[in-house]
Amino acid sequence: MRRGKSSCFFFARRPLFVMHDIKTIRAGAAAFDAAMARRCLPDASGPLLTLDAERRAAATAQQDAQSRRNVLAREIGQAKRTGADTVSQEAEATALRGEMERLDRRSAELDAELRTALGALPNVLDADVPDGTEEADNRELKNWGTKRAFEFPARQHFELGEALGLMDFERAAKIAGSRFTILHGALARLERALGQFMLDMHTLRHGYTEVSVPALVNEAAFFGTNQLPKFAADSFRTTDGRWLIPTAEVPITNMVADDILPEAALPVRRTALTECFRSEAGSAGRDTRGMLRQHQFRKVELVSVAHPDQSDAEHERMTRCAEAVLEALEIPYRRMLLCAGDTGFGAARTHDLEVWLPGQGMWREISSCSNTRAFQARRMGARFRAADGKTVAHVHTLNGSGVAVGRALIAVLENYQQADGSVRVPEVLRPGMGGMEVIRRSA
RNA sequence: GGAUGGGUGGCCGAGUGGUUUAAGGCAGCGGUCUUGAAAACCGCCGAGGGUGCAAGCCCUCCGUGAGUUCGAAUCUCACCCCAUCCGCCA
C-alpha cells in the first residue's frame with residue numbers, strides 16, 4: 001500500500017457506498033439535512049445529490065463503452081477462429097480505447113469525490129439525543145451510590161500516589177515526556193488487579209469472549225472505526241504507515257470487517273485489555289497534573305456486533321456491564337446521555353459513565369458506551385445474512401469502556417483514601433492483590 | 001533481512017491470450033422418491049454497482065495497483081499477504 005497518493009486507498013475493496021448510504025439520502029434529503037443540522041453542519045444533501053447524479057451518469061457512459069468493447073472483442077475472437085476479416089472491428093475497438101480511458105478516469109474521480117464527501121460526515125443521531133453543544137446539556141439518566149463523607153480534606157490521586165512513594169511523574173517525564181506515569185509496587189499491582197478483575201467479570205459473568213489483539217493497525221482499520229479521515233492528529237502513526245490504537249475498539253470491531261456473518265452468530269461480544277495511545281493534541285494544558293489524561297493508558301474495552309433490531313437492547317446491556325464494574329468497586333457514578341454536540345463523530349447515541357472523584361470534587365468520565373448503528377459497519381463492510389438465507393444487511397456495532405483502568409485506579413485511590421494517606425483495597429480486588437487490605441507507604 | 005513456493009467463490013480445486021459467459025467436487029437450500037430417514041436423481045446456490053414501474057438487461061470483482069492487447073484469472077512490472085527454510089530475535 002502506497003502512501004502519499006493514498007487519499008482513498010482505504011476505500012479500495014469496500015462496497016461502493018460506505019459511511020452514509022447515498023440511496024437513503026436520495027430518498028430523504030430533507031431528513032438528512034435535518035440530521036446534520038443537529039451536528040451544527042450546513043445542508044449537505046444538495047451538493048451530494050448533484051455529485052451523485054453526475055457520478056451515475058458517468059458510470060452509465062463508462063459501462064456502455066465497456067459493453068461495446070466486450071461485444072467487439074467477442075466478435076473478433078469468433079472471426080479469428082473462422083479466419084474472417086476483423087479490420088473494421090479492430091479499428092473501432094482501438095478508437096474506443098481513448099474514449100474509455102477518459103470515461104474510466106471521470107467515473108473514478110466522481111466516485112472518489114462522493115466517497116470523500118460522505119466519509120467526512122458524522123453519524124445521524126438518535127431521536128432521543130438531547131440538543132445542545134456543551135457538557136451542561138448532557139442529561140443525567142441515573143445516579144448510583146452515595147458520596148462518602150470525609151472527616152478530613154480529601155486528597156487528589158497524585159497527592160496520594162506521590163506521598164505513598166508509588167507514583168512517579170518525574171522519572172516518567174525523564175524517559176518519555178509529559179503525560180506519562182510510572183507506578184511502583186502496590187500501585188503497579190493495583191493497576192494489574194483492576195484490569196484482571198474487569199476482564200474476568202466480562203468474560204465469566206457477562207458473556208464476552210476475551211481477545212488479545214494488535215495494538216498497531218493499518219489505515220483501513222482506522223477508517224473503519226472512523227479515526228480517519230477526521231481524527232488523524234489525535235493518534236500516533238508509525239514510520240511504516242500503521243497507527244497505534246487509541247482504543248481496543250479499533251482492532252476488535254475491525255475483526256468483522258468485510259465479513260458476512262450468519263444471523264445466528266449475532267450478537268458477537270468481545271472484550272480486550274490493551275494499552276491505548278492518544279496524542280491529546282487538542283488538550284494542551286488540560287489535566288496536566290496526575291495521570292488522568294495520559295498518552296498511554298490501559299483500558300478494558302467491550303465490543304458488540306449486533307442485529308439491527310437488537311442494538312438498542314445491546315446498548316443498554318453493555319452500559320450495564322460497565323456499570324457493574326463500578327458497582328462491584330463500590331464507587332459512586334452517574335450515567336449521562338450525551339447531548340448532540342458531545343456525541344462523538346461515529347456514534348448515534350452515547351452513554352458516559354462518570355465516577356465521583358472526591359479529591360478533585362468532580363465527576364469524571366471513566367466509560368463511554370456508544371451505539372454506532374450501521375455507521376462503522378458500512379465503513380468497514382460488516383454485514384450479516386438474514387435467516388432467510390437471502391437478505392444481506394449491515395450489522396450494528398457498539399463499543400464501550402468496561403472500564404478505563406488508569407481512571408479506575410484514580411477513582412479507587414480518591415474514594416478509598418484514609419486520613420493517614422493510606423488507601424484501603426476494595427474487597428473485590430483483594431484476591432488480585434494477594435490479600436492486601438491497605439496500601440501504605442513502604443519503609 | 002535473504003531464498004523458494006504460493007494467493008481462484010463459504011470450503012477444496014481445475015484453469016498458461018478468445019465457446020471461462022470461472023470446470024468439477026464438498027457444504028448449504030428446494031424438489032422427486034420414501035411410512036420416516038438415508039441413498040440416488042433433478043434444480044437452486046457470491047458480492048457491489050448502473051438501468052428499468054417491473055420482469056429483466058448491463059458493468060465490475062480470480063491478493064492490490066499499474067501496464068501490454070481488439071480481448072487478461074492467464075503475459076509484464078511494482079507492492080501486499082501467507083507458507084517453508086536460512087539469518088536475527090522475545
Side-chain angles (χ1 to χ4, degrees), chain A residues 1-27 49 51-115 118 212 214-221 223 238-242 254 256-265 374 377-395:
Chain A
M1 59 187 76
R2 303 255 310 271
R3 279 155 297 282
K5 66 169 222 177
S6 75
S7 56
C8 275
F9 93 89
F10 36 71
F11 302 119
R13 290 281 292 154
R14 298 285 152 74
L16 203 56
F17 289 113
V18 291
M19 332 117 216
H20 290 288
D21 181 7
I22 189 68
K23 288 179 181 171
T24 305
I25 299 173
R26 245 184 258 155
L49 292 178
L51 199 50
D52 177 47
E54 281 182 63
R55 185 210 124 242
R56 282 187 292 150
T60 303
Q62 180 203 16
Q63 290 176 12
D64 286 348
Q66 285 172 333
S67 185
R68 180 63 190 153
R69 177 205 57 192
N70 291 346
V71 168
L72 289 170
R74 214 172 297 136
E75 284 176 4
I76 292 169
Q78 278 160 6
K80 293 247 173 183
R81 238 170 286 122
T82 62
D85 176 66
T86 60
V87 173
S88 78
Q89 284 101 322
E90 290 198 36
E92 185 183 347
T94 304
L96 238 190
R97 284 179 77 180
E99 175 72 356
M100 280 188 62
E101 267 174 45
R102 193 182 64 76
L103 291 169
D104 287 354
R105 204 177 315 116
R106 180 70 181 142
S107 183
E109 276 169 9
L110 289 168
D111 243 39
E113 266 184 61
L114 186 54
R115 289 178 148 155
L118 286 167
S212 175
L216 226 43
V217 301
N218 63 29
E219 222 163 289
F223 180 80
T238 62
T239 52
D240 69 350
R242 285 178 238 269
N254 275 287
V256 297
D258 296 320
D259 277 353
I260 299 180
L261 301 163
E263 183 174 339
R378 274 194 296 269
R379 295 169 84 91
M380 67 178 70
R383 291 160 295 168
F384 72 99
R385 187 182 302 278
D388 65 16
K390 292 193 167 183
T391 316
V392 173
H394 288 99
V395 295

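Values in this document were obtained by computation on a predicted structure and should not be read as measured data.
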**Q** Rounded to whole Å, how long is the line connecting atom CD of Gln63(A) with atom C1' of G49(B)?
**A** 7 Å

**Q** Has the side chain of Thr60(A) got a donor or acceptor atom that lies under 3.5 Å from a matching backbone atom of Arg56(A)?
**A** yes

**Q** Taking atom P of G10(B) as reference, at what distance in whole Å does atom CZ of Arg383(A) sit?
**A** 10 Å

**Q** What is the nucleic acid contact for Arg97(A), judged by heavy atoms within less than 4.0 Å: base, sugar-phosphate only, or nothing?
**A** base

**Q** When the P atoms of C75(B) and U8(B) are compared, how many Å lie between them, rounded to an integer?
**A** 16 Å

**Q** Identify which nucleotide among C59(B), G50(B), C70(B) has an atom closest to any side-chain atom of Thr94(A), counting heavy atoms from C-beta outward.
**A** C70(B)

**Q** Calculate the interatomic distance between His394(A) atom NE2 and G48(B) atom P; express it in whole Å.
**A** 8 Å

**Q** Ile76(A) has a side chain; which of G18(B), A47(B), G49(B) sits nearest to it?
**A** G18(B)

**Q** Tell me what Arg385(A) touches on the nucleic acid: a base, only sugar-phosphate, or nothing, going by heavy atoms under 4.0 Å.
**A** sugar-phosphate

**Q** Using whole Å, what does the distance between atom P of nucleotide U69(B) and atom CG of Asn70(A) come to?
**A** 18 Å

**Q** Which is true for Gln89(A) with a 4.0 Å heavy-atom rule: it touches a base, it touches only sugar-phosphate, or it touches nothing?
**A** nothing

**Q** How many whole angstroms separate atom CD of Glu92(A) from atom P of C70(B)?
**A** 14 Å

**Q** G10(B) C1' sits how many Å from Leu261(A) CG, rounded?
**A** 12 Å

**Q** Across the strands shown, which category fits Ala93(A) at heavy-atom distances under 4.0 angstrom: base, sugar-phosphate, nothing?
**A** sugar-phosphate

**Q** Looking at U51(B), I'd like to know if its phosphate oxygens (OP1 or OP2) sit under 4.0 Å from a side-chain N or O belonging to Arg56(A).
**A** yes

**Q** Please determine if a side-chain N or O atom of Arg55(A) lies less than 4.0 Å away from the OP1 or OP2 oxygen of G49(B).
**A** no

**Q** Quick check against the 3.5 Å criterion: does Asn218(A) have a side-chain atom that pairs as donor or acceptor with the backbone of Ala220(A)?
**A** yes

